[in-house]
Protein chains: 2
Amino acid sequence: MSDLLDRLRGRGWRMTAQRRVVAEVLDGDHVHLTADEVHARAVAKLPEISRATVYNTLGEMVTLGEVIEVSTDRRAKRYDPNAHRPHHHLVCANCGTIRDVHPAGDPMADLPSDERFGFTVSGVEVTYRGICPNCAATG
Amino acid sequence: MSDLLDRLRGRGWRMTAQRRVVAEVLDGDHVHLTADEVHARAVAKLPEISRATVYNTLGEMVTLGEVIEVSTDRRAKRYDPNAHRPHHHLVCANCGTIRDVHPAGDPMADLPSDERFGFTVSGVEVTYRGICPNCAATG
DNA sequence: ATCCTACAATGGACTTAGTCCAAGTCAAGT
DNA sequence: ACTTGACTTGGACTAAGTCCATTGTAGGAT
C-alpha cells in the first residue's frame, strides 16, 4: 500500500498505530501538510494521538530522509513525502498552495567556486513564487 | 551616509529617531540580522526603542522593497538590506551564517511553462546549504 | 502464550518569534 | 506655536514548536 510505510519498516522502525497513521496521512503527490494539519487528519483515524507524537514522528521521518521539511513562509513548516525524487517548489504568494516542480538545469553548477567562500556546499533549494490560477481568477 | 535612509526619506517617510536607528543598524554587505538582533543593536544607540517599533519598521522597509526578508530556517526571519541587486544565499547548516552569492544562470528561465501549473510566476529564491569553513575546522 | 524491556506515546508546561491594540508622543505642514 | 495624523510604546496575546517525567506497548526472548 504505502511505499513510505514499507521503506520505514525496512529501516527497522518499530511499527505503532500512531506511526502508521502519520505515514498514511503523508501519502501522495503534491502533499505539503503542516504538522497541525497532519495531526488533525491523524486524529480522524486515531482519536487519541497526541500532537507531540506527530511532531516526533515527522521529525524522525525527516531524519531518515523519507520526508522533506519545507519552510516556504515564516508560518508553519510543511512536510513533503516526495523525497525520493529531487524537486523544487512553486508557492502561491496569496493562498500558500504549493506545487512540486522539476526545473531544467542544475543550480549547483551555477555557483562558481569563488562564490562559495570556502563552504562545503551540499544542497540547494529553489522556491518559485507567484499567484496560482485560482487566486488570479478570484482577484 | 546611509543609502537606505536617503531612499526612505525620498519616499516621504516621516523621519523619527527610531527609524533612523533601525536603518543605521541595517547597513552594509552580508548583513542578515534577526529582528531581535536589530532590536539589541538599536537599543545600544537609543535605549528606549521598543520591540514593536523595530518589527513595524522592518515590516515597512520590506513592504517598500528596500529590505528583503530571508527565512533560511524555521527560526527567526532575517533582514537583508542588500535589496538593490539580485542575489541568493549560502547558509551554514551548522551555525546559520549567511553569505550573499551571485550564481550564474537564471533559474526563472529553467522553469518551463508546462511546469508552471497556470501560476503567474513573479520571483525565485535560491538557497544553497553547506558547512562554512569555520564550522568545518572546529569539527 | 507470557514476560521483559527498551523504545515509543502522552499531555501539559514551557519557549520562541511575532502580532495586536489602546493610549501617549511627536514630526512636519500651516 | 498649533494642530493633526502618523508614529511609538509596552504589555498582553497567539502560533508553532520543544521538553520532559510518566505511562504504555511492540516485538524479541523464554
Side-chain angles (χ1 to χ4, degrees), chain A residues 5-6 8-26 32-64 66-80 96 98, chain B residues 5-6 8-25 32-43 45-64 66-80 96 98:
Chain A
L5 263 180
D6 287 345
L8 293 169
R9 203 179 287 114
R11 287 165 178 268
W13 236 33
R14 180 182 290 189
M15 195 45 59
T16 68
Q18 290 85 348
R19 285 174 168 184
R20 197 174 354 257
V21 165
V22 170
E24 280 169 14
V25 167
L26 281 179
H32 308 92
L33 299 169
T34 65
D36 266 354
E37 287 164 354
V38 172
H39 181 234
R41 298 189 187 199
V43 162
K45 299 174 178 235
L46 186 66
E48 67 275 26
I49 192 172
S50 73
R51 265 175 17 98
T53 296
V54 171
Y55 275 102
N56 289 342
T57 304
L58 290 172
E60 285 154 14
M61 288 173 172
V62 170
T63 300
L64 291 173
E66 294 293 346
V67 166
I68 293 171
E69 240 175 36
V70 185
S71 314
T72 59
D73 52 23
R74 38 299 324 173
R75 304 175 145 258
K77 290 182 268 199
R78 292 176 176 276
Y79 294 88
D80 181 345
I98 304 179
Chain B
L5 263 180
D6 287 345
L8 293 169
R9 204 180 286 115
R11 286 164 179 269
W13 238 32
R14 180 180 289 189
M15 195 46 58
T16 66
Q18 290 84 347
R19 287 174 167 184
R20 197 172 354 255
V21 164
V22 171
E24 280 169 14
V25 167
H32 307 93
L33 299 170
T34 66
D36 265 354
E37 286 164 355
V38 171
H39 180 234
R41 298 189 187 199
V43 162
K45 299 176 178 232
L46 185 68
E48 68 275 25
I49 192 172
S50 73
R51 266 176 15 101
T53 296
V54 170
Y55 275 102
N56 289 342
T57 305
L58 290 172
E60 286 153 14
M61 289 173 171
V62 170
T63 300
L64 291 173
E66 294 293 346
V67 166
I68 292 171
E69 241 175 35
V70 186
S71 314
T72 58
D73 52 23
R74 42 265 20 137
R75 305 174 145 260
K77 291 182 266 200
R78 292 176 175 277
Y79 294 88
D80 180 345
I98 303 179

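Lettering of chains follows the sequences in order, A, B, ..., and the numbering in each one begins at 1.
Base engagement by A/Ala52 is indicated by at least one non-hydrogen atom pair under 4.0 Å involving a base atom. Looking at heavy-atom distances under 4.0 Å, B/Thr53 makes contact with a base.
B/Val22 places a side-chain heavy atom less than 4.5 Å from the side chain of B/Ile49.
Of the side-chain N and O atoms in B/Arg75, none sit less than 4.0 angstrom from OP1 or OP2 of D/dA16. A/Thr16 has a side-chain polar atom (N or O) that falls below the 4.0 Å cut-off from OP1 or OP2 of C/dA9. Listed pair A/Tyr55 / D/dG17 meets the phosphate criterion, a side-chain N or O lying under 4.0 Å from OP1 or OP2. Residue A/Gln18 places at least one side-chain N or O closer than 4.0 Å to OP1 or OP2 of C/dT10.
Picking from D/dT18, D/dT9, D/dT8 the nucleotide with the shortest atom distance to the side chain of A/Arg51 gives D/dT18. Side-chain atoms of A/Ala76 lie closest to D/dA16 of the nucleotides D/dA16, C/dA8, C/dT10. In the set C/dA6, D/dT9, D/dA6, the nucleotide with an atom closest to the side chain of B/Arg14 is D/dA6.
For A/Arg11 and C/dC7, the CZ to C1' distance is 18 Å, given to the nearest whole Å. For the pair A/Arg19 CZ and D/dT25 P, the computed distance is 15 Å after rounding to whole Å.
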Test B/Arg11 against B/Leu64 for side chain to side chain contact (heavy atoms under 4.5 Å, CB included), laying out the working first. CA-CA 9 Å; B/Arg11 286 164 179 269; B/Leu64 291 173; 3.8 Å; yes

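Of all the heavy atoms in B/Ser71 and B/Lys77, the pair that sits closest is OG-CG, 4.0 Å. The minimum heavy-atom distance linking B/His32 with B/Glu37 is given by the pair O-OE1, 4.2 Å.
DNA chain D is contacted by both B/Ile49 and A/Asp36; B/Ile49 maps to the nucleotide lying nearer its 5′ end (nearest heavy atom per residue).
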